[in-house]
Number of protein chains: 2
Amino acid sequence: MNKPDEHADQEAPQHTVSIAAVAKRAGVSIATVSRVMNSVSNKASQETIDRVRRAVLELGYRPVGAGRALRQGKSRLVAVLASNMLNPSMAAIAAATETALRSAGYVMVLCDTHDDPKLQDEYLLEMRAQYACGLVLLGAVASDVLRDCVSAGESLVFVNRRNPYGGGRFVGVNNAAAGAEVATWLVQKGCSNLALIHGSVASSATADRVAGFRAGLAALGVELVNNRVFGSNVLDHLQIGYEGIARITGSGGLPDGLFCTSDLIAYGVRRWLEEQRAEVNAIEIVGFDDSPMNPWIAPWLHAVQVPYSKYGNAIVRALASKDEQSIILEHGLVIRPR
Amino acid sequence: MNKPDEHADQEAPQHTVSIAAVAKRAGVSIATVSRVMNSVSNKASQETIDRVRRAVLELGYRPVGAGRALRQGKSRLVAVLASNMLNPSMAAIAAATETALRSAGYVMVLCDTHDDPKLQDEYLLEMRAQYACGLVLLGAVASDVLRDCVSAGESLVFVNRRNPYGGGRFVGVNNAAAGAEVATWLVQKGCSNLALIHGSVASSATADRVAGFRAGLAALGVELVNNRVFGSNVLDHLQIGYEGIARITGSGGLPDGLFCTSDLIAYGVRRWLEEQRAEVNAIEIVGFDDSPMNPWIAPWLHAVQVPYSKYGNAIVRALASKDEQSIILEHGLVIRPR
DNA sequence: CTCAAAAAGGAAAACGTTTTCCTTAGTAGC
DNA sequence: GCTACTAAGGAAAACGTTTTCCTTTTTGAG
């Protein structure tokens, strides 16, 4: 911490130092400054470049976003539309995305759509008005403006949940394969009374996890009867787990192996079991996401581990890529010893 | 879901509909359109206003942010600089803030400073370049540019952690009072072997909680000896709790009452206790924040409840207010029965 | 009826960039 | 000594707003 008095070194910039100021200081035109800033080749001698660079440093110049955006017809803003920011896995993705975007020179605008098509539309329109140069949908929901954006060929990246209108860039894990792996592990572990609790299948991620789990069981010749499955469209996954395990247990006793399509569902399950004073350790519970807090708050939970910290870079890569590729990241299956 | 064909109602706008288009359609000048949009009084007849409004609706016009920002010298972007977005309580504040900002017509830019002064400076400069009209600091750290912003009188709101340079708008709870309440409750509960585990006191929030707790005990004539206190600057609060309870127990046995300055610290404590197979229910543990997930994942934890969902509106109010007022929100003390 | 003030609204400047034209001076190939 | 071509760089337009002037018309007070 240096004393407030001796800050006469280069703290002059104060507020808005424009390209014109830099040009004047370097003794060149604003066009040249702009070209140096954007490293346009063959438009300035090395000497000029150095002079401009020096002026930029001395004045602490940094291009005003609005000017550039207005001229180019697009800003450096990337909008991230999350369906529910209170969900820890969303927050993890948002955090990783922010870091990756920032180091790629973008600025993240974060919006919470609460899984509401109307609100999503509002945000999409607003971001268009802000000249956002990219849209990241963390759990997209079908909506009119989204369809519009898709068909207009805007720069969209769908994360975890696929484009409800098909196609488009996608970043996520292989949910179906993960579901199947869970099935295999539970069966090999010797569980004979399996159950499944899942959230809304309007999410392609959830739907794939469920389908993969069922397919995995089918491949092993294991049957999953209907009263061993609970699904709900409720947004609060904790609630789903709590209610789901109650229902399942009520109509056929405690299972000995359980797949929950999210960690939160598993937390809800555990809560009910503890309230019932059930023999919790007799049940193998597998969640999905594997929150970094799990080793601390849920050491009893196995989980498909989604590499959220790697999502950021993947999303930036997807945004930058020209073709509509899907980026499938590798998941893991974390088994926690009792 | 309506069929893709019959969308000829008013889906024409496609991409960029500018103020000029609206003006043309309404048969007025762009100046008039602008004035109607910003409801400048005495500049348009009711009839004109209606005509413009109709044109706006029909074309789906919405002012381009960059144009307005450039002209006015400030955008509608509000930057939220969070010290650690993976902390659930930060995420909760961010979510509430986003909603409140949005409904007040602002757009939230979320940045994760990782509690790093250099990164915070980078963000502050970048946001200045983006003409951000407000800065919300969720856990500010002392840094050169921040000092600059403070003395330049920029629109700053400090949340939870106070301005390291003094003054400024502040939103938070009365941490000292809350700490004292915890002390009182623990003593009244009959605990005689108290302990305290806290994070970095560089955060004014933590410092106040600790000071309040100590003052509360002192007022009751209870002494808190040094080997019953553990503090650490480590960022990971889970780790602090885990290590803290180990140290404290090692140098004086298990406490029967414990105050942790964050929920996460308490989670870490619980983990260690369970690993040691300690009689966990013999200890009254009080956390701070009271995450909405606590009833589910930590029903054993008492906690000072911070009304994070109310932070959003308070922050917007603070941003809008002319004078540098502090907004102190009411906290609670949630006691969970065993 | 006169005059001032208010209402209504248009033309154009300004904001800070990027980029399209230009112009000039070298330079390589013949 | 030409002719092309490239390097180097400036002037000015353009992006979409808001706002300052300015003009014309209407209103109200005397």
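Computed from a predicted structure; not experimentally measured. Lettering follows sequence order; numbering is per chain, from 1.
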Quiz item: Hey, is the side chain of Arg68(B) poking within less than 4.0 Å of OP1 or OP2 on dT18(D), counting only N and O atoms?
Solution: yes
Practice problem: Just call it for Val40(A): base, sugar-phosphate, or nothing, with non-hydrogen atoms closer than 4.0 Å on any strand. | Solution: nothing
Practice problem: Assign each of Tyr131(B) and Arg35(A) to its nearest nucleotide of DNA chain C by heavy atoms, then name whichever residue's nucleotide is nearer the 5' end. | Solution: Tyr131(B)
Self-check item: Rounded distance in Å - CD (Glu47(B)) to P (dA7(C))
Solution: 18 Å
Quiz item: Counting only side-chain N and O atoms of Ser45(A), is one of them less than 4.0 Å from OP1 or OP2 of dG9(D)?
Solution: yes
Quiz item: Of the nucleotides dG10(D), dC15(D), dT17(C), which one has an atom closest to the side chain of Thr32(A)?
Solution: dG10(D)
Quiz item: More 5' along DNA chain C: Ser29(B) or Leu70(B), using each one's nearest nucleotide?
Solution: Ser29(B)
Practice problem: Between Arg51(A) and Lys43(B), name the one whose nearest nucleotide on DNA chain D is closer to the 5' end. | Solution: Arg51(A)
Quiz item: Got a salt bridge between Glu98(B) and Arg102(B), using NZ or NE/NH1/NH2 to carboxylate O under 4.0 Å?
Solution: no
Self-check item: Candidate nucleotides dA8(D), dT19(C), dG16(C), ranked by approach to the side chain of Gln72(A) - the nearest
Solution: dT19(C)
Quiz item: Do you know which of Leu138(A), Val159(A), Ile327(A), Val316(A) makes side-chain contact (heavy atoms from CB on, under 4.5 Å) with Tyr311(A)?
Solution: Val159(A)
Self-check item: From dA7(C), dT19(D), dT18(D), nucleotide with atom closest to Asn42(B) side chain
Solution: dA7(C)
